[in-house]
Protein chains: 2
Amino acid sequence: MTAKNIRARVRDELTSEIKAIARRQLATEGANLSLRAVARELGMVSSAVYRYFPSRDDLLTALIIDCYDELGTAAETAEAAVDRADLLGRWLAAGHGIRDWALANPAEYALIYGSPVPGYKAPETTIGPAARTTDLILTLLADGVATGALTTGGAEPAAVAGHGSPLPVDLAAELDRIAALACPTVPRELLARGITAWIQLFGVVTFELFGRFQNMIEDSRRSFFDHQLRVMARHIGL
Amino acid sequence: MTAKNIRARVRDELTSEIKAIARRQLATEGANLSLRAVARELGMVSSAVYRYFPSRDDLLTALIIDCYDELGTAAETAEAAVDRADLLGRWLAAGHGIRDWALANPAEYALIYGSPVPGYKAPETTIGPAARTTDLILTLLADGVATGALTTGGAEPAAVAGHGSPLPVDLAAELDRIAALACPTVPRELLARGITAWIQLFGVVTFELFGRFQNMIEDSRRSFFDHQLRVMARHIGL
DNA sequence: ACAAAACGAGAGCACTGCTCTTGACAGTTT
DNA sequence: AAACTGTCAAGAGCAGTGCTCTCGTTTTGT
């Protein structure tokens with residue numbers, strides 16, 4: 001009885017320890033981390049690790065899920081600290097939360113937002129944790145619509161007027177489909193702008209982490225990111 | 001004399017063939033392509049390949065340079081086909097040129113714009129070819145300024161008015177520094193908007209290629225990309 | 001108390017990047 | 001024409017990889 005719990009607990013501990021070591025090696029080795037090296041650092045033999053993760057890809061999947069969850073909670077907690085009515089503040093907090101986590105965990109960010117691993121196919125279990133950041137933004141939009149702060153029809157805020165190019169018909173249809181099952185209250189024009197902002201947010205972080213800003217933006221990266229967030233906030237109408 | 005040229009030519013041909021095979025394997029194996037597999041497919045022994053590329057990283061560097069150059073020419077030729085006075089058309093052509101090349105060569109795009117290879121440090125020789133796409137955009141901005149079509153001071157185009165958030169001082173200083181040595185005629189506000197558009201352009205392509213649009217934008221990806229290009233064109237003031 | 005499940009260790013297979021050595025040519029010089 | 005020099009492909013070998021299988025041992029459930 002209790003022995004069973006001991007066994008299970010040891011197993012959980014070892015599983016966590018394997019993941020922790022793998023995370024640490026991820027920083028230096030990148031996506032092609034070595035299962036054997038993990039085992040070596042753990043004082044085990046490589047074949048023993050296979051008792052805990054049936055393959056290297058399964059270890060990678062576990063790490064990916066953990067990273068998505070960490071990033072999600074980082075963004076959520078940062079955003080939750082802001083007054084609900086302050087949509088701009090919530091957007092800025094979520095954005096900086098994402099960037100801060102990415103800067104603190106560059107290898108992990110590269111793992112989940114970098115180039116897909118050739119043979120690796122992300123299983124279904126990753127899409128839930130992966131959607132947390134986007135859900136956060138969608139909720140932001142929905143809240144804005146609910147309170148009337150955000151709108152694209154009728155009387156538009158001055159900052160938004162004229163921003164939008166007309167949506168192509170096929171894109172409009174697809175946006176309606178997305179909105180129907182993800183955020184029914186958000187009109188398609190607003191959703192389109194939200195997606196633009198979403199891409200820009202992660203685009204800036206990705207460029208910064210992948211060295212695209214070298215010899216360009218060096219000393220004002222945080223300011224630059226903040227500026228981009230505000231440009232996008234204006235675009236959305238926050 | 002001529003025999004020496006023969007020798008050199010054979011060497012060049014084999015070098016090209018190695019790169020060609022490596023490019024083909026890149027599509028299936030990703031960044032961790034196998035030098036031995038390339039040699040095998042070539043009917044050579046792995047050690048022989050080292051006569052042509054002193055290490056695997058050097059092969060990778062050669063591929064990266066080739067890809068940057070291909071992408072650069074793709075963007076340049078697409079943009080060159082448009083009337084010089086049609087700034088919006090030039091922007092759209094360059095953008096679609098980049099996306100089309102990326103869609104046709106997804107593995108190559110991932111190689112140059114994906115997560116950096118862990119141990120790999122891009123040598124100086126890559127920055128020249130890498131800058132071709134950004135130079136194209138900067139030239140676009142400079143042309144717009146030269147003809148008076150683009151401006152951010154004084155009388156702004158209606159579509160641009162109110163778009164900009166004020167630039168933080170440190171960012172403004174850095175933008176001035178960039179402009180001074182890359183595009184002296186472009187005012188910093190316009191440069192900032194150009195960078196925003198630049199990031200958005202590659203952000204959309206990256207998201208599309210890395211599977212970020214799955215279960216979202218499926219059937220209207222080209223329309224979506226075109227829409228994003230136009231939104232950014234408005235943001236710049238094209 | 002006994003069978004079943006879980007576990008760590010080790011050997012082994014096919015693969016990788018890379019180094020070193022060997023032997024066969026080609027081009028140049030004497 | 002002979003000797004020399006540099007280039008080349010081939011092979012063996014080293015250390016590392018993911019993964020599978022087998023073998024005793026330990027722990028668990030009945």
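Chain naming here is simple, since letters A, B, ... match the order of the sequence lines and numbering starts at 1 in each. Side chains are part of it too, since the values below use all heavy atoms of this structure and drop only hydrogens, waters and symmetry mates.
Across all strands, Tyr52(A) comes closer than 4.0 Å only to sugar-phosphate atoms, never to a base (heavy-atom distances). Nucleic acid contact class of Leu59(B) (heavy atoms, under 4.0 Å, all strands): none. Here Leu42(B) lies out of heavy-atom contact (under 4.0 Å) with every strand.
Judged by distance alone with a 3.5 Å cut-off, no donor-acceptor contact links the side chain of Ser47(B) to the base of dA9(D). Residue side chain Arg36(A) does not reach the base of dG16(D) through any donor-acceptor N/O pair under 3.5 Å, judged by distance alone.
In this structure, Tyr50(B) places its OH atom 4 Å from P of dC18(C), rounding to the nearest Å. The separation between Arg51(A) atom CZ and dT22(D) atom P is 12 Å, rounded to whole Å. If you take CG of Leu33(B) and P of dT17(D), they are 19 Å apart, rounded to a whole angstrom. When rounded to the nearest whole Å, the span between CZ of Phe53(B) and C1' of dC18(C) equals 16 Å. Going from atom CG of Leu60(A) over to atom P of dG18(D) covers 11 Å, rounded to whole Å.
Each of Ser55(B) and Gly43(A) has a nearest nucleotide on DNA chain C; the 5'-most of these lies closest to Gly43(A).
Distances were taken from every side-chain heavy atom of Val45(A) (C-beta onward) to each of dC18(C), dG18(D), dA9(C); the shortest belongs to dA9(C). Of the candidate nucleotides dT16(C), dG8(C), dC19(D), dG8(C) has the atom lying nearest to any side-chain atom of Ala48(A). If you check dT20(D), dG8(C), dT19(C) against the side chain of Met44(A), the one that comes closest is dG8(C). For Leu35(B), taking side-chain heavy atoms from C-beta onward, the closest of the listed nucleotides dC19(D), dT16(C), dG17(C) is dG17(C).
Put simply, Arg40(B) has no side-chain N or O that comes within less than 4.0 Å of OP1 or OP2 on dC15(C).
Ser115(B) and Tyr109(A) share no side-chain donor-acceptor pair at under 3.5 Å.
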